[in-house]
Amino acid sequence: MRLFPVRLSSIPKMLDFYSQFNPSPLSIKQFIDFGQNACEKKSFIFLRKELPVRLANIMKEIALLPDNLLNTCSVSQVSSWYMKSFEEVLEYEKAEPTHDNLQSFCSALEHIRNRHSDVVQTMAQGVIEMKETENGNVDSSMETSIQYFLDRLYMSRISIRMLINQHTLLFGESMERQGRHVGCLDPACNISDVVKDAYENARFLCDQYYLVSPALEIEEHNSMDGETLPIRTVYVPSHLYHMLFELFKNSMRAVVEHHDQDKCETLPPLKVLIVRGKEDICVKISDQGGGIPRSQTDQLFKYMYSTAPQPSKSDLHTVPLAGYGYGLPISRLYARYFHGDIVLLSCEGYGTDAIIYLKALSDEANELLPIFNKTSSKFYRATV
Ligand SMILES: O=C(O)CCCOc1c(F)cc(-c2c(C(=O)NCc3ccc(C(=O)O)cc3)noc2-c2cc(Cl)c(O)cc2O)cc1F
């Protein structure tokens, strides 16, 4: 049942209207404080404005993409998903926060989340289609603008899914099964537990493919709050898991492929160091996987570099440690989303350290959101 169907003719005007607002970044502290005493009406009134603002901001950038990418079948598909979702949220622009409307809003958000579940793969396909039309020769300025755009598109997508997940977890059916969690946030996330979880799952894939996997050693140092261990922080466990799982897969692949199996050597273990400082929480994964030349480490964060022909579904189980090649750049976006980072330090000939930096204080862990404005649109005009 359409609530207040938005006239299709008014969509361009609505896009201009909502894209003139900057997205409002929330901190982890704000997410937790609101979620611990959550009011569905307030959340509804905030989201029916903030979601169209975040959607409109990124839709304006999609429209600025170079034609050879924008006109691919896959990118047109992604663009139409955004248009449809923008239109659906706008139906609640003037709706009364009645019980029925709040319930309908919740299910609309779930539909939108499902509609956008394949955006990353579909965009990867669009980049491949564009490379095919350009016969593979994409100049460096085109690559730079695609890297800039995809970082902003996926950061925007992470933020929109965070808002949707918080609302649907706090006010949807799963409300009662929360325990200490506040939506998708854990106020006391045990970092070494997430490390072990990600390691065990990456190890399972590694054993399946290589029949062998490196062991794990974890060390923790808490220089703050009375040295208490284990180190806990307020974070989104699924985000931390995503980063760790990706880094463990890469380390395991490097270690197993670097060490000659015939000599039946024991593989050197992966060493994880977790440190709580005043400003940062660091999670360092150190491996002896032979490392990569310093000149190549930046390439690992490139979407274009790793947009090899996508593994077909049937291939994925044969080379499970390889994905779409987007694992590292998107993992870094998850870290940067709350003002953290992922840094790669490789010693060619020996091994690689990957460090995840998180903000130690939840009031400093603010969302990092892309803003559509004259600067960003100039960037597209300059490099297209
Ligand atoms: O497909 C995906 O999604 C995963 C895409 C990604 O796949 C990779 C992968 F898992 C591991 C490596 C790799 C190598 C390697 O491969 N060393 C051998 C070589 C030597 C020279 C050169 C060169 O000269 O260019 C390149 C590689 N050494 O260290 C790492 C390494 C990389 C990361 Cl990000 C990490 O967190 C831990 C690591 O140990 C490279 C990958 F690319």
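Atoms within each ligand, like the ligands themselves, are counted from 1 in listed order.
Of all the listed residues (Ile355, Leu344, Thr297, Ile292), Ile292 holds the heavy atom that lies closest to atom 15 (C) of ligand 1. Closest heavy-atom approach to atom 24 (O) of ligand 1 among the candidates Gly291, Pro293, Pro329: Pro293.
Ligand 1 is never approached by Gly290 to a heavy-atom distance shorter than 4.0 Å.
Each of the following atoms of ligand 1 lies closer than 4.0 Å to a heavy atom of Asp287: 37 (C), 38 (C), 39 (O). Proximity to Ala254 (heavy-atom distance under 4.0 Å) selects the following atoms of ligand 1: 13 (C), 14 (C), 28 (N), 29 (O), 30 (C), 39 (O). Using a 4.0 Å cut-off to heavy atoms of Gln296, the atoms of ligand 1 that qualify are 23 (C), 25 (O). Proximity to Thr352 (heavy-atom distance under 4.0 Å) selects the following atoms of ligand 1: 29 (O), 30 (C), 31 (C), 37 (C), 38 (C), 39 (O). Contact atoms of ligand 1 toward Leu300: 34 (Cl), 41 (C), 42 (F) (distance under 4.0 Å to a heavy atom of the residue).
Paired with Leu244 under the rule side chain to side chain contact (heavy atoms under 4.5 Å, CB included), one option of Asn201, Asp197, Val194 passes, and it is Val194.
Side-chain rings of His167 and Phe44 stay apart, their centers remaining 6.0 Å or farther from each other.
Note on Glu134 versus Lys131: no salt bridge recorded, every NZ/NE/NH1/NH2 to OD/OE distance being 4.0 Å or above. The pair Arg336-Asp151 fails the salt-bridge criterion, with no side-chain N (NZ, NE, NH1 or NH2) lying under 4.0 Å from an Asp/Glu carboxylate O.
Taking the ring axis of Phe248 as reference, the NZ or CZ atom of Arg203 does not stay both within 45° of it and closer than 6.0 Å to the ring centre.
Counting heavy atoms closer than 4.0 Å to ligand 1, residue Leu328 contributes side-chain atoms (C-beta onward) but none from N, CA, C or O.
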Quiz prompt | Residue pair Leu344, Leu300: steps toward the side-chain contact (heavy atoms from CB on, under 4.5 Å) verdict | solution = CA-CA 9 Å; Leu344 270 197; Leu300 291 171; 3.7 Å; yes
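Note: Phe86 and Tyr18 have perpendicular aromatic rings, judged against thresholds of 30 and 60 degrees for the angle between ring planes.
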